[in-house]
Amino acid sequence: MDIELDGNRIHSERAFHETLALALGVERGYGNNLDALWDLLSASVERPLQLTWSGHQVSREALGPRFQQIVDVLERVQRQDEAMGLGERFSYCLR
């Protein structure tokens with residue numbers, strides 16, 4: 001599955017979580033926080049999953065330090081899948 005998030009429309013952490021949950025079809029029951037993001041991406045979504053965050057510079061500016069915290073979770077999930085040697089993995093790209 002390929003998901004693209006439009007960073008030009010993500011101006012808050014809440015908007016990030018809501019946009020991602022909608023794209024993955026998990027609006028109900030998703031916690032809209034970093035712990036929920038980890039749980040969702042590390043164990044609850046089908047692989048392969050490629051997440052592309054286009055216009056991420058706009059989001060980076062709007063979210064401040066929370067942007068890097070979100071990216072840190074994305075990176076951890078990607079590294080976990082690589083370490084587990086999964087053929088079908090989570091990956092992300094900032095554009």
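Numbering starts at 1 and runs along the sequence shown.
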*Asks:* Closest approach of G7 and S59, non-hydrogen atoms and distance?
*Replies:* O-OG, 3.0 Å

*Asks:* If the condition is side chain to side chain contact (heavy atoms under 4.5 Å, CB included), which residues does A62 pass it with, not counting sequence neighbours?
*Replies:* H11

*Asks:* Look at the aromatic rings of F67 and H56 and report parallel, tilted or perpendicular, splitting at 30° and 60°.
*Replies:* parallel

*Asks:* Under 4.5 Å between side-chain heavy atoms, counting indirect links through other Ile/Leu/Val/Met/Phe/Trp/Tyr residues: same cluster for L63 and L22 or not?
*Replies:* no

*Asks:* Decide yes or no for F90 and L74: does some side-chain heavy atom of the first lie under 4.5 Å from some side-chain heavy atom of the second?
*Replies:* yes

*Asks:* Quick one: list whatever passes side chain to side chain donor-acceptor pair (under 3.5 Å) with N32, sequence neighbours left out.
*Replies:* none

*Asks:* Could you tell me whether the side chain of L51 reaches within less than 4.5 Å of the side chain of L5, counting heavy atoms only?
*Replies:* yes

*Asks:* Quick one: list whatever passes side chain to side chain donor-acceptor pair (under 3.5 Å) with Q80, sequence neighbours left out.
*Replies:* none

*Asks:* Of all the heavy-atom pairs spanning N33 and H17, show the shortest one and how long it is.
*Replies:* O-CE1, 3.3 Å

*Asks:* Could you measure the distance from the CH2 atom of W53 to the CD1 atom of I10? Nearest 0.5 Å is fine.
*Replies:* 5.5 Å

*Asks:* Go through the structure and list residues passing side chain to side chain donor-acceptor pair (under 3.5 Å) with R76, not counting sequence neighbours.
*Replies:* none

*Asks:* Under the salt bridge (charged side-chain N to carboxylate O under 4.0 Å, His left out) rule, what pairs show up with a residue in residues 23-48, not counting sequence neighbours?
*Replies:* R47-D81

*Asks:* With distance as the sole criterion, is a donor-acceptor pair present between the side chains of E75 and Y92 under 3.5 Å?
*Replies:* yes

*Asks:* Are L24 and L49 side-chain neighbours, meaning at least one heavy-atom pair lies under 4.5 Å?
*Replies:* yes

*Asks:* Does a side-chain heavy-atom distance below 4.5 Å link C93 with Q50?
*Replies:* yes

*Asks:* In the single-linkage hydrophobic clustering (I, L, V, M, F, W, Y; side-chain heavy atoms under 4.5 Å), do I70 and W38 co-cluster?
*Replies:* yes

*Asks:* If you round to the nearest 0.5 Å, how far is CD of E4 from CZ of R95?
*Replies:* 6.5 Å

*Asks:* Would V71 end up clustered with L20 when hydrophobic side chains under 4.5 Å apart are linked, directly or stepwise?
*Replies:* yes

*Asks:* If you group Ile, Leu, Val, Met, Phe, Trp and Tyr by side-chain heavy-atom gaps below 4.5 Å, do V45 and L86 land in one group?
*Replies:* no

*Asks:* For R66, which residues count as a side chain to side chain donor-acceptor pair (under 3.5 Å) partner, sequence neighbours excluded?
*Replies:* E13, Q69

*Asks:* Is there a chain of hydrophobic side chains (I, L, V, M, F, W, Y, each step under 4.5 Å between heavy atoms) that links V58 to I3?
*Replies:* no

